[in-house]
Amino acid sequence: MSQHLPTAPYRGTRDFLPREMSVRQQVFHHLYEVIERYGFVRYDGPVLEAAEIYEAKSGREIADLQLYTLTDRGGRRLALRPEMTPSVARMIAANANSLQFPVRWYSHVNCHRYERPQRGRVREHWQINVDVFGSESPRCEVEIFELIHDMMASVGATRDMYVLRVNDRVLLEGILTHIVGVPAERIRQVSAVIDRWEKYPREQLLADATELGLTDAQFGRLEDALKADESLLANLPDDVIERSQLARILTGPAKDLVTYDPLIVRAFEYYTSTVFEVFDRDPANNRSLFGGGRYSDLVGLFSDRCIPGFGFGMGDVTLFDFLNTHGLLPQPRAEADIVVIPTQDTLYDAARAVAHQLRQAGWRTSLPLEPRKLGKEIGRADKTGARTVVILGPDDWSTGKIAVRNLTNGDQRTIEVQKVTSYIAELMSH
RNA sequence: GUGGCUGUAGCUCAGUUGGCAGAGCACCGGGUUGUGGUCCCGGUUGUCGUGGGUUCAAUUCCCAUCAGUCACCCCA
């Protein structure tokens with residue numbers, strides 16, 4: 001009685017078999033292409049980092065509860081990266097003296113968080129990270145927002161399927177300070193209440209606010225402020241508006257890229273002004289798809305230089321839920337375009353030569369590895385998705401000919417072997 | 001970390017007044033020797049998630065545990 005190891009992947013992690021991988025590759029290929037079209041260049045980095053880089057700025061929840069940590073043989077405390085932003089900030093700091101700012105960088109990496117798996121959330125996810133470093137200009141925001149819409153369009157999404165909700169912590173702070181009258185030391189806690197605004201009943205929010213020292217009148221002003229549109233910004237002092245990149249966007253021609261929403265807060269502590277989240281409009285995925293923001297100080301963890309960053313992370317789990325919900329997932333790609341089948345084992349080397357010719361011409365071509373009856377082999381070729389089979393039989397071959405069968409419509413023609421690539425090119429073109 | 005639901009062949013599932021397990025699909029082979037997608041025939045596959053308990057006997061009842069799933073917390 002043998003005891004085998006489990007075949008299931010570790011909880012919250014996923015195997016990607018070729019069929020799923022094909023779908024993923026197609027989707028990500030579209031995204032990479034759009035990102036690179038904006039002039040972003042790809043980087044990568046280690047999955048292990050010093051645990052400290054997350055404990056400083058990522059937020060208590062992540063550092064205390066969701067970090068995979070380990071101690072190496074030298075006693076160093078390490079963590080599996082739960083997100084990429086601290087890593088890229090580290091790389092920027094390390095290479096700041098040789099980079100020409102601003103830089104546009106992107107990556108696609110796996111990140112780990114120790115969480116309880118459920119819809120939209122696993123323990124290892126694959127996240128695309130897109131960041132601009134070295135510019136305070138609101139043009140960073142505009143460029144990234146435009147990029148996001150292009151990325152969504154590239155995978156088939158239309159603007160009615162999702163919404164890009166944007167806020168600015170500078171504006172939020174201004175509202176809390178100057179309109180609601182929240183003391184500076186309570187801003188963060190009140191922000192956390194706002195983060196939960198859409199999920200909690202009003203009584204709960206009121207109770208939380210009261211506990212933080214807000215009067216009923218203040219809570220009323222908070223409610224009104226959070227319901228208001230961008231006209232509210234007129235009530236804020238000039239110096240607050242001055243410090244906000246978003247305020248300038250909301251009054252300019254790029255305004256229609258985003259929806260201003262004072263409820264967007266985000267948990268990462270390192271965000272300093274603009275914050276945004278993309279939401280699926282379908283109620284089946286009632287959570288944010290992905291998001292990002294502006295962080296002025298993160299590079300400062302590693303260096304005296306102050307290099308601002310602005311960017312976002314897009315995780316695969318929520319993205320694929322979105323694509324699935326909207327029927328936007330592509331079909332897996334066929335394993336091969338063409339299968340070359342010898343009807344007798346003695347014709348294997350001849351088939352190999354024909355296959356080689358087709359591969360030289362760029363076709364994905366496979367040969368059976370085990371001898372089988374022709375009918376079986378054609379059936380197998382069909383199931384793998386090949387649209388064409390080339391059949392080598394002794395009679396045809398002795399006169400320099402082969403049979404080419406179109407599996408889509410069953411048409412078959414016997415042609416001279418020298419013409420195989422041009423004939424198939426013609427066949428595949430429609 | 002908290003709570004609800006679920007756990008039988010590779011997949012989707014059926015299977016109780018407790019008696020040593022089934023279907024469809026998939027996979028493999030055959031229906032005469034070089035022609036698939038339909039049809040017919042045959043075959044492989046399960047410690048009934050795991051460990052205990054009750055019982056003459058448990059897939060079926062009880063407990064625990066693990067896993068999946070949904071919600072909460074939080075977030076991507």
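Within every chain, numbering begins at 1; the chains are lettered A, B, ... in the order of the sequence lines, protein sequences first and strands thereafter.
Spacing between atom NZ of K373(A) and atom C1' of rG31(B) amounts to 8 Å, rounded to whole angstrom units. We find that CD of E377(A) is positioned 10 Å from P of rC28(B), with the value rounded to whole Å. Across the protein-nucleic acid pair, D15(A) atom CG and rG10(B) atom P stand 16 Å apart, rounded to whole Å.
Nucleic acid contact class of E115(A) (heavy atoms, under 4.0 Å, all strands): base. Contacts of G375(A) with the nucleic acid, taken as non-hydrogen atoms under 4.0 Å apart, involve only primed sugar atoms and P, OP1 or OP2. Residue R123(A) is out of contact with every strand shown, counting any heavy-atom pair closer than 4.0 Å.
Judged by the 6.0 Å distance and 45° axis criteria, R169(A) is not positioned over the aromatic ring of Y271(A).
Remark: R266(A) is in phosphate contact with rA76(B), judged by side-chain N or O atoms under 4.0 Å from OP1 or OP2. Contact check, Q118(A) against rA71(B): a side-chain N or O comes under 4.0 Å of OP1 or OP2. For the pair R11(A) and rA67(B), the criterion of a side-chain N or O lying under 4.0 Å from OP1 or OP2 is met.
Nearest heavy-atom pair across K255(A) and L250(A) is CD-O, 3.3 Å.
Nearest-nucleotide positions on RNA chain B place Q412(A) closer to the 5' end than the other of Q412(A) and E124(A). The 5' end of RNA chain B is approached more closely, in terms of each residue's nearest nucleotide, by Y114(A) than by the other of Y114(A) and Y10(A).
Put simply, the side chain of T272(A) gets close to the backbone of R294(A): a donor and an acceptor are under 3.5 Å apart.
Between the side chains of D150(A) and Y38(A), at least one donor N or O lies within less than 3.5 Å of an accepting N or O. No side-chain N or O of Q218(A) forms a donor-acceptor pair with one of R221(A) less than 3.5 Å apart.
R113(A) contributes a side-chain N or O that forms a donor-acceptor pair with the base of rA76(B) under 3.5 Å.
Across residues 381-391 of chain A, D382(A), K383(A), I391(A) each have a non-hydrogen atom less than 4.0 Å from an atom of RNA chain B (numbered order).
In a base pair of the Watson-Crick type (N1 to N3 plus N6-O4 or O6-N4) or a G-U wobble (N1-O2 and O6-N3), with each distance short of 3.5 Å, rC27(B) is matched with rG43(B).
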